[in-house]
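Below, chains carry the letters A, B, ... as their sequence lines are ordered, and counting in each starts from 1. Please read all numbers here as calculations on a predicted model, not as lab measurements.
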2 protein chains.
Amino acid sequence: MTLHHDIARKLAEAGIPLTSQRLLIACELFAEHCHLSADELLLRVGSLTPDISRATVYNTLKLFSQKGLVQELVVDNGKRVYDSNTAPHPHCYNADTGELTDVHQPLQLAGPLPELPPGTALERVDIIVRVRNVA
Amino acid sequence: MTLHHDIARKLAEAGIPLTSQRLLIACELFAEHCHLSADELLLRVGSLTPDISRATVYNTLKLFSQKGLVQELVVDNGKRVYDSNTAPHPHCYNADTGELTDVHQPLQLAGPLPELPPGTALERVDIIVRVRNVA
DNA sequence: CTTCCGGTTTAGACTGTGTCTAAAAACTGA
DNA sequence: TCAGTTTTTAGACACAGTCTAAACCGGAAG
């Protein structure tokens with residue numbers, strides 16, 4: 001039961017047909033619990049094989065996030081990063097370094113959610129703790 | 001006591017020397033409580049006079065947010081928008097339309113904040129309620 | 001009044017991130 | 001094998017934002 005088999009099963013469960021490119025991308029993405037941008041991922045995958053194009057990386061990441069395999073999030077620098085931890089959890093963003101980390105301690109909201117605009121349904125609630133380096 | 005005087009005083013209190021461009025930009029920004037991106041603002045100001053360049057709009061918005069006159073925030077589409085309401089308050093983001101609105105009902109966090117990474121200080125906590133259009 | 005000088009504005013080139021398109025390649029089922 | 005569909009690809013494109021070097025402006029000094 002290698003990591004590859006594990007990931008292949010994950011993709012199959014999400015209804016995503018397996019291709020070699022998707023396998024490689026997923027492998028990088030799930031290997032460590034971290035937040036990767038499309039270009040960082042392209043760099044990593046590209047250093048393994050020269051055979052994966054930029055468009056494929058972007059397409060695949062979008063597909064994965066649509067299927068709920070990863071969580072897409074955007075912070076201050078305007079870059080999209082993909083989090084392989086799909087459980088709802090808050091993030092910590094360092095506005096000086098741009099570093100984004102998970103907050104493992106659960107942060108709950110006190111009280112009920114506000115009434116949503118008519119015609120809309122809740123997707124999720126993002127909580128981002130913004131910090132700065134102290135001088 | 002016109003709106004212009006009001007805004008001029010606001011800038012002065014923040015230690016920002018007054019210029020005609022800054023006055024116009026601030027005027028648009030504070031006129032209605034809304035969330036404007038740099039390009040939208042450029043469009044609005046540009047329709048009044050042809051005399052304000054893109055670089056100035058970007059510079060001015062950055063200056064204003066550094067001085068605490070507006071709050072800069074980034075959501076899913078990767079665009080920066082500027083909120084003239086600087087009090088901490090949650091936002092509602094429609095992932096289908098890209099629309100960003102204020103949530104006036106205060107949402108508090110239950111429990112204490114997590115311990116921050118060493119060497120950092122809290123700036124603020126962003127809460128974004130993500131919704132989608134129902135089918 | 002003229003000159004100087006710092007801060008401000010400007011046009012336009014540039015960068016980085018993400019999207020689109022049309023064609024090639026790789027599957028799939030008959 | 002063949003046709004039809006899905007996937008991948010390279011490269012052009014779009015957009016938001018930054019950078020740079022020059023022009024501009026207003027006040028202080030001479």
Side-chain angles (χ1 to χ4, degrees), chain A residues 7-8 11-12 14-29 35-46 48-67 69-83 95-96 98 100, chain B residues 8 11-12 14-29 35-46 48-67 69-70 72-83 95-96 98 100:
Chain A
I7 288 175
L11 295 196
I16 298 174
L18 192 63
T19 70
S20 67
Q21 290 89 341
R22 287 174 185 161
L23 186 58
L24 270 178
I25 290 172
C27 209
E28 274 311 307
L29 208 46
H35 305 87
L36 285 173
S37 71
D39 276 342
E40 284 163 354
L41 193 62
L42 177 60
L43 211 66
R44 292 195 184 199
V45 172
L48 299 175
T49 90
D51 295 336
I52 295 195
S53 76
R54 203 158 64 107
T56 298
V57 173
Y58 278 95
N59 290 341
T60 302
L61 287 175
K62 187 175 290 183
L63 180 65
F64 283 4
S65 80
Q66 278 167 357
K67 297 294 189 178
L69 287 182
V70 296
Q71 203 178 42
E72 179 185 282
L73 44 111
V74 182
V75 280
D76 236 48
N77 51 16
K79 272 164 82 168
R80 278 160 215 220
V81 298
Y82 294 88
D83 186 349
D96 285 321
L100 186 70
Chain B
L11 296 195
I16 299 174
L18 191 64
T19 69
S20 67
Q21 290 89 342
R22 286 175 184 160
L23 186 58
L24 269 178
I25 291 173
C27 210
E28 272 314 304
L29 208 46
H35 306 87
L36 286 173
S37 71
D39 277 342
E40 284 162 354
L41 194 61
L42 178 58
L43 212 65
R44 293 195 183 200
V45 171
L48 299 176
T49 90
D51 295 336
I52 294 194
S53 76
R54 202 156 65 109
T56 298
V57 172
Y58 278 94
N59 290 342
T60 303
L61 287 174
K62 186 175 289 182
L63 179 65
F64 283 3
S65 82
Q66 278 167 356
K67 297 294 188 176
L69 286 182
V70 297
E72 181 184 280
L73 44 111
V74 182
V75 281
D76 236 48
N77 51 17
K79 270 163 85 170
R80 282 161 212 217
V81 298
Y82 294 88
D83 187 348
D96 285 321
L100 186 70

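- As rounded to whole Å, 11 Å separates atom P of D/dT9 from atom CG of A/L24.
- The distance from atom CG of B/L18 to atom C1' of D/dG27 is 15 Å, rounded to the nearest whole Å.
- Residues passing the side chain to side chain contact (heavy atoms under 4.5 Å, CB included) test with A/A12: none are found, sequence neighbours excluded.
- Nearest heavy atoms, A/L41 versus A/L61: CD2-CD2, 3.8 Å.
- Between the CG atom of B/L63 and the C1' atom of C/dG7 there is a distance of 12 Å, rounded to whole Å.
- When atom types are taken as modelled, the side chain of A/R22 and the backbone of A/T60 share no donor-acceptor pair closer than 3.5 angstrom.
- We find that OH of B/Y82 is positioned 7 Å from P of D/dG17, with the value rounded to whole Å.
- For the residue pair A/E72 and A/S65, the shortest heavy atom distance occurs at OE1-OG, 4.1 Å.
- A/V74 places none of its side-chain heavy atoms less than 4.5 Å from the side chain of B/V75.
- Residue B/L36 contributes atom CG, which lies 16 Å from atom C1' of D/dA16 at whole-angstrom precision.
- Residue A/V57 is tested with A/D39, A/L43, A/L42 for a side-chain contact (heavy atoms from CB on, under 4.5 Å); the sole match is A/L42.
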Derivation of the side chain to side chain contact (heavy atoms under 4.5 Å, CB included) call for A/I7 and A/L29: CA-CA 10 Å; A/I7 288 175; A/L29 208 46; over 6 Å; no

Base versus backbone protein contacts along nucleotides 9-26 of chain C [heavy-atom cut-off under 4.0 Å; B, S, -]: SBB-B---SBBB------

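- Put simply, the side chain of B/L36 reaches to within 4.5 Å of the side chain of B/R44, judged on heavy atoms.
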Dot-bracket line, read 5' to 3' along DNA chain D, where crossing pairs take [ ] and | marks a partner on another strand, Watson-Crick or G-U under 3.5 Å: ||||||||||||||||||||||||||||||

